[in-house]
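Before any comments, here is the structure.
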Amino acid sequence: MQEAANKVEQVMADLQQAFPSPQYFEILNNDRFEEFVASFDQSIQAGNSKQTFRFWNSYLDMVEVLLLFLRGTREGNWNLHLASVRRMLPWIFAYDHINYSRYLPVYWLEMRDLLTTHTAVHQQCIEGHFTVQRSENAFAQIACDQTIEQTANRDPKTK
């Protein structure tokens, strides 16, 4: 058991040290990494029979979707935004959010088909113009409706 933990720690340390370099991709294609992934998949399959494991695994899935959505918005990455919206759909239905489950699939389908229906709008979205950047920080873009709430709608709500 300790030997397996040491192998995992070594693979993760190697990935962390090599991240910005081309060596990172060599590690990803290495046999040790493939063994790590296979071992991880086996542990997930073994844990799926336990209720607590399934709960935390689903929680991690939801958090991952949320973080990807935020990243797509903050970076102005249209493809990541749409992919994360698509991954949200099952969770929206599972937790019975009626309005989101009614309108989010329509939004996703219309935005997915922008390339064929409205090419110019699609190009603007690809360039990141579906968000607003109010500061110099490149990771600080926010959705247009949130910008309106923070600017134009703020005045009537304050004393």
Side-chain angles (χ1 to χ4, degrees), residues 1-115 122 125-135 137-147 149-150:
M1 187 68 136
Q2 185 62 33
E3 182 181 334
N6 290 338
K7 285 182 181 180
V8 168
E9 286 179 14
Q10 185 61 45
V11 168
M12 297 308 288
D14 291 346
L15 285 171
Q16 184 179 15
Q17 290 174 356
F19 176 63
S21 70
Q23 185 184 6
Y24 178 78
F25 295 104
E26 292 175 13
I27 294 172
L28 289 179
N29 293 325
N30 192 329
D31 290 337
R32 283 186 352 176
F33 185 75
E34 289 180 18
E35 290 174 19
F36 165 72
V37 170
S39 173
F40 183 73
D41 288 341
Q42 288 174 351
S43 65
I44 287 177
Q45 294 302 322
N48 272 335
S49 62
K50 298 176 178 74
Q51 188 174 7
T52 304
F53 178 85
R54 286 195 314 266
F55 169 78
W56 286 110
N57 196 32
S58 68
Y59 175 78
L60 289 174
D61 286 343
M62 287 187 288
V63 169
E64 179 185 17
V65 170
L66 175 64
L67 291 174
L68 287 173
F69 179 77
L70 289 173
R71 180 178 178 184
T73 303
R74 294 290 177 106
E75 292 179 348
N77 184 336
W78 180 246
N79 291 325
L80 182 57
H81 171 79
L82 283 184
S84 60
V85 167
R86 172 61 184 95
R87 286 191 57 194
M88 273 184 207
L89 290 174
W91 295 111
I92 298 297
F93 281 93
Y95 286 98
D96 203 25
H97 291 283
I98 295 170
N99 289 332
Y100 285 109
S101 61
R102 183 179 299 149
Y103 298 116
L104 197 59
V106 174
Y107 168 79
W108 181 74
L109 285 170
E110 287 181 358
M111 296 303 110
R112 187 192 66 177
D113 292 339
L114 269 182
L115 182 60
H122 179 263
C125 289
I126 291 291
E127 292 173 7
H129 298 296
F130 68 100
T131 60
V132 176
Q133 185 168 352
R134 296 175 54 203
S135 71
N137 184 355
F139 194 70
Q141 298 178 35
I142 57 176
C144 295
D145 59 337
Q146 187 176 356
T147 305
E149 283 293 325
Q150 291 178 353

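Predicted, not measured: the structure shown is a model, and the values here were computed from it.
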Please step through side-chain contact (heavy atoms from CB on, under 4.5 Å) for the pair T73 and L80, ending with a clear verdict. CA-CA 8 Å; T73 303; L80 182 57; over 6 Å; no
Could you state the interatomic distance from OH (Y107) to CG (L82), rounded to the nearest 0.5 Å? 6.0 Å
Side chain to side chain donor-acceptor pair (under 3.5 Å) pairs, two or more places apart, involving residues 25-47: D14-R32
Applying side-chain hydrogen bond (donor to acceptor under 3.5 Å, both in side chains) to Q23 and not counting sequence neighbours gives none
Rounded distance [0.5 Å steps], CD1 in I142 versus CD in Q133: 10.5 Å
Can you name the salt bridge (charged side-chain N to carboxylate O under 4.0 Å, His left out) partners of R87, sequence neighbours left out? E64
Go through the steps for M62 and L66 under the test side-chain contact (heavy atoms from CB on, under 4.5 Å), then give the verdict. CA-CA 6 Å; M62 287 187 288; L66 175 64; over 6 Å; no
Interatomic spacing from CZ in F53 to CG in L60 - rounded to 0.5 Å: 8.5 Å
Would you indicate whether the side-chain heavy atoms of F36 and L15 approach each other to under 4.5 Å? no
Give a yes or no on whether Q16 atom CD has more than 12 heavy-atom contacts from other residues, nucleotides or ligands under 6.0 Å away. no
Which word best sums up how the rings of W56 and Y59 line up, parallel for under 30°, tilted for 30 to 60°, or perpendicular for over 60°? perpendicular
Salt bridge (charged side-chain N to carboxylate O under 4.0 Å, His left out) with E75: which residues, sequence neighbours excluded? R71
Here the gap from C125 atom SG to H81 atom NE2, rounded to the nearest 0.5 Å, amounts to 8.0 Å
From F33 CZ over to I27 CD1, what is the distance, rounded to the nearest 0.5 angstrom? 9.5 Å
Validation row: L104, N99 side chains within 4.5 angstrom (heavy atoms): no
Value for CH2 (W108) from CE (M88), rounded to nearest 0.5 Å, stands at 13.5 Å
Return the set of residues passing side-chain hydrogen bond (donor to acceptor under 3.5 Å, both in side chains) with T131 (not counting sequence neighbours), or none when no residue passes. Q141
With sequence neighbours left out, which residue pairs that include part of residues 86-105 fulfil the ring-ring contact (aromatic ring centres under 6.0 Å, His included) condition? none
